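Positions are given from 1, in the same order as the sequence printed here. Worth saying up front: this structure is predicted, and the values here are computed from it rather than measured.
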Amino acid sequence: MTLAMNRIAEQAQRLVADFVARQAQTPADGTAAADPMSIAAPFGAAPFGAASFNSLPANLSSLDPFNLGGAFMEMTARLMADPNRLFEAQLGLWQDYMALWQRTAQRLLGEEAAPVISPAKEDKRFRDKSWDESAVFDFIKQSYLLTAKYVQTAVRGVEGLEGKTAKKLDFFTRQFVDALSPTNFPLTNPEVLRVTLETGGDNLLKGLENLLGDLERGRGQLAISMTDYSAFEVGRNIAVTPGKVVFQNDLMQLIQYAPLTETVHKTPLLIIPPWINKFYILDLKPANSLIRWLTEQGHTVFVISWVNPNEKLAAKDFEDYMADGPLAALDAIKDATGEDGVNAIGYCIGGTLLSGTLAYMAAKKDARIKSAMYLVTLTDFTDVGELSVFIDEEQLGALESRMKSRGYLDGQSMATTFNMLRSNDLIWSFVVNNYLLGKDPFPFDLLYWNSDSTRMPPAMHSFYLRNMYQKNLLVRPGGITLKGVPIDLRTIKTPTFMLSTREDHIAPWKSTYAATQLYGGPVKFVLAASGHIAGVVNPPAANKYSHFLNDALPASPDDWLAGTTQVPGSWWPVYADWLKQYAGPQVPARTPGDGKLKPIEDAPGSYVKVRVVE
């Protein structure tokens with residue numbers, strides 16, 4: 001081991017020297033990531049970018065855009081103000097440690113001893129058998145879990161904190177606790193120690209190479225590789241459902257997919273995906289493509305593929321996305337098919353846009369959308385879960401300043417925000433795999449998509465965060481004005497299908513459920529198992545998960561859930577059956593180019609292939 005470590009040190013020195021030399025030859029432009037397939041540092045490029053030390057802000061408080069210093073100082077003051085509660089918590093920790101020491105001693109003497117604390121069922125960090133079989137590593141594991149529980153319980157137990165401050169403290173305390181897990185350090189991870197002994201330390205050398213490669217890709221910032229990006233290519237082995245781009249403008253390309261049946265329903269189907277990421281999450285591969293499956297059900301499917309905007313589109317705002325997105329698509333679909341009406345699907349923020357568009361159309365007496373389907377969509381932002389920790393005046397101000405200087409929000413900042421919501425799965429697991437075990441990440445199409453980030457125009461993103469997340473104006477009648485029209489979601493009479501997911505950490509299902517009490521037309525609500533992505537992308541052939549049905553719509557989501565029937569498998573057939581009543585009779589299948597719109601290029605188009613270069 002000593003010889004191996006000496007060899008690693010020598011090679012590491014050469015690797016680091018080579019990396020530093022390459023960095024010295026690369027202009028430090030302060031951007032976040034040279035390769036889009038990466039996860040940038042949590043604060044994006046500024047103020048911690050490559051050039052940050054040459055341009056430190058005059059106001060050093062901008063180095064704490066989350067305002068964590070003030071929040072933790074307030075928490076500490078309140079803890080000190082109630083020493084009895086703190087003493088009780090410390091006494092409880094001491095008693096737990098005494099029990100742990102006693103039971104560890106029993107194990108070392110060859111006796112059986114029940115654990116004082118065990119990892120949560122969903123915690124994948126301690127799956128290696130050594131964490132249970134070795135008394136030493138079992139002690140390390142349990143001591144960490146006990147301390148983590150103590151720290152988080154102490155933070156959550158502080159009284160008198162404002163709600164948003166308490167949630168912020170809880171979130172970032174968990175980030176801190178997760179970072180200090182013994183699985184993240186070579187000497188306290190039995191799997192890493194075992195592999196290091198077996199390979200003579202080659203895993204650590206390979207891990208250093210992976211680390212330096214990720215730093216180089218991130219231009220000095222850590223851009224953790226999540227999958228083998230060379231294994232995938234949009235249009236080659238993902239996003240391959242056949243079709244044509246039949247219309248485009250500055251903000252989107254409209255894709256019409258080729259029919260897979262001899263006849264189709266008369267009313268076309270328009271999908272409005274989120275622009276926070278790319279549409280091909282619904283078309284990863286044929287086996288799990290919702291787009292292909294809907295085409296196989298006999299629908300003429302159109303999908304909006306949003307542009308990956310740069311600084312030239314900085315002034316595009318939310319109403320521009322409405323005008324150049326769904327409204328422009330409706331006009332184009334009429335030219336392509338001759339049909340005035342469509343059925344529409346909105347996914348996540350695409351669904352939020354769909355609701356605003358429908359309210360605008362209701363005010364204009366425009367009934368071209370015959371039915372609306374919302375996938376994991378928030379309209380009432382009263383409780384947005386842990387995402388709320390990123391939405392306060394200090395952070396919005398810092399974000400707007402950053403967007404103004406660049407002309408866009410870099411995509412990696414948004415990606416990191418979402419990854420922090422599940423840091424053990426989407427950050428630390430890759431640190432252990434890539435850097436400590438020295439393994440290459442596994443090729444996984446979903447993680448390829450997750451890393452293929454998109455930029456945000458400042459005007460649109462600021463409008464969205466402030467009016468929806470911060471002020472919750474979308475649910476207020478007249479709270480938001482689009483193209484000069486005050487909108488009111490209560491005026492939407494369009495038949496509505498809502499799909500939410502039980503473990504959604506981005507659009508909590510109980511918050512999405514609030515819209516069932518808002519829309520004026522008939523509403524069907526379905527709850528799927530799993531999360532924001534896996535619960536949606538769940539083809540029937542997979543026979544995975546389940547969904548919950550209840551035709552009643554009580555005001556309380558808990559009351560709705562209590563009256564549900566759990567049904568095994570995918571929710572896709574439920575939507576297909578519901579959609580038939582609005583899809584119209586069968587007509588001969590339509591081929592892209594049959595109407596007034598001639599094909600521009602093959603699906604998936606060129607907009608979706610623009611990768612972020614920052």
Side-chain angles (χ1 to χ4, degrees), residues 251-252 254-255 267-283 290-291 294 299 301-306 318-330 332-333 341-362 366-381 384 454 460 464 468-469 474-475 480 482 487 489 491-501 504 506-507 509 511-516 518-526 528 532-533 535-537 571-572 575-576 578-579 582-583:
L251 283 181
M252 66 93 169
L254 184 66
I255 301 170
T267 304
L269 182 63
L270 171 64
I271 299 177
I272 308 168
W275 53 85
I276 287 176
N277 38 46
K278 296 184 177 180
F279 82 88
Y280 67 85
I281 184 59
L282 300 177
D283 191 30
L290 178 60
I291 289 172
L294 289 169
H299 296 283
V301 178
F302 290 82
V303 172
I304 289 174
S305 173
W306 298 105
F318 195 84
E319 65 181 24
D320 289 320
Y321 271 74
M322 178 183 74
D324 292 345
L327 293 181
L330 288 172
I333 289 172
V342 306
N343 295 300
I345 297 176
Y347 191 176
C348 191
I349 191 176
T352 307
L353 177 65
L354 175 59
S355 68
T357 302
L358 281 169
Y360 170 83
M361 293 174 69
D366 184 344
R368 286 180 291 172
I369 295 181
K370 307 304 180 184
S371 75
M373 198 279 202
Y374 298 96
L375 289 170
V376 290
T377 295
L378 283 167
T379 50
D380 187 332
F381 292 76
V384 296
T454 56
M460 181 283 300
Y464 175 60
M468 276 69 160
Y469 273 93
L474 185 59
V475 293
I480 286 178
L482 297 175
I487 64 171
L489 299 189
T491 63
I492 298 174
K493 308 300 182 184
T494 308
T496 297
F497 186 108
M498 298 177 61
L499 186 282
S500 297
T501 54
D504 198 329
I506 295 173
W509 82 265
S511 297
T512 66
Y513 181 84
T516 63
L518 190 62
Y519 299 133
V523 176
K524 182 178 183 65
F525 185 87
V526 177
H532 194 76
I533 302 299
V536 172
V537 184
W571 59 269
W572 290 11
Y575 173 64
W578 179 88
L579 184 60
Y582 308 108

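In this structure, Trp275 contributes its side chain and Ser305 its backbone to no donor-acceptor pair below 3.5 Å. Between the side chain of Thr377 and the backbone N or O of Leu375 there is at least one donor-acceptor pair closer than 3.5 Å. Not one N or O on the side chain of Asn343 forms a donor-acceptor pair closer than 3.5 Å with the backbone of Leu579. Using modelled atom types, no side-chain atom of Thr267 and backbone atom of Gly341 make a donor-acceptor pair closer than 3.5 Å.
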**side chain to side chain contact (heavy atoms under 4.5 Å, CB included) between Ile480 and Met468, worked out** = CA-CA 9 Å; Ile480 286 178; Met468 276 69 160; 3.8 Å; yes
**Request:** Kindly indicate, with the supporting measurements, whether the criterion side chain to side chain contact (heavy atoms under 4.5 Å, CB included) is fulfilled by Thr454 and Lys278.
**Result:** CA-CA 7 Å; Thr454 56; Lys278 296 184 177 180; 3.6 Å; yes
**Request:** Would you check, one step at a time, whether the test side chain to side chain contact (heavy atoms under 4.5 Å, CB included) holds for Leu270 with Ile369?
**Result:** CA-CA 9 Å; Leu270 171 64; Ile369 295 181; over 6 Å; no
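What you find for Gly325 and Ile304 is that their closest heavy atoms are C-CD1, 3.7 Å. The heavy-atom pair separating Met322 from Gly356 by the smallest distance is SD-O, 4.5 Å. Nearest heavy atom pair, residue Ile345 against residue Leu294, reads CD1-CD1, 4.0 Å. Lys370 approaches Tyr582 most closely through the heavy-atom pair O-CD2, 4.3 Å. Residues Leu354 and Gly346 come closest through the heavy atom pair CD2-N, 3.7 Å. Nearest heavy atom pair, residue Ile487 against residue Ala359, reads CB-CB, 3.7 Å.
Residue Trp306 holds its CH2 atom at 9.5 Å from CD1 of Ile349, rounded to the nearest 0.5 Å. The CE atom of Met361 sits 5.0 Å away from the CG atom of Leu330 when rounded to the nearest 0.5 Å. Here the straight-line distance linking atom CZ of Arg368 with atom CG of Leu327 works out to 6.5 Å at 0.5 Å rounding. Atom CD1 of Ile492 sits about 5.0 Å away from atom CG of Leu358, to the nearest 0.5 Å. Within the model, atoms CD1 of Ile291 and CG of Leu282 stand 5.0 Å from one another, a figure rounded to the nearest 0.5 Å. If you take OG1 on Thr357 and CG on Leu482, they are separated by 7.5 Å, rounding to the nearest 0.5 Å.
In this structure, Leu378 and Leu474 have side chains that are not in contact, with every pair of non-hydrogen atoms separated by 4.5 Å or more. By the 4.5 Å heavy-atom criterion applied to side chains, Val301 and Ile271 are counted as neighbours. A heavy-atom distance below 4.5 Å is found between the side chains of Leu353 and Pro326. In this structure, Val536 and Tyr347 have side chains that are in contact, with non-hydrogen atoms separated by less than 4.5 Å. Side-chain contact between Met373 and Leu499 is present, with heavy atoms from C-beta onward closer than 4.5 Å.
Using cut-offs of 30° and 60° for the angle between ring planes, the Trp509 and Phe525 rings count as tilted. Ring orientation note: the planes of Phe497 and Trp571 are tilted relative to one another, at an angle of 30° to 60°.
With sequence neighbours excluded, the residues that form a side-chain hydrogen bond (donor to acceptor under 3.5 Å, both in side chains) with Ser500 are Thr512. In this view, Val475 and Asp380, Asn472, Leu518 satisfy the side-chain contact (heavy atoms from CB on, under 4.5 Å) rule, not counting sequence neighbours. Every residue meeting the side-chain contact (heavy atoms from CB on, under 4.5 Å) condition with Thr496, not counting sequence neighbours, appears here in chain and number order: Tyr374, Met498, Tyr519, Val523.
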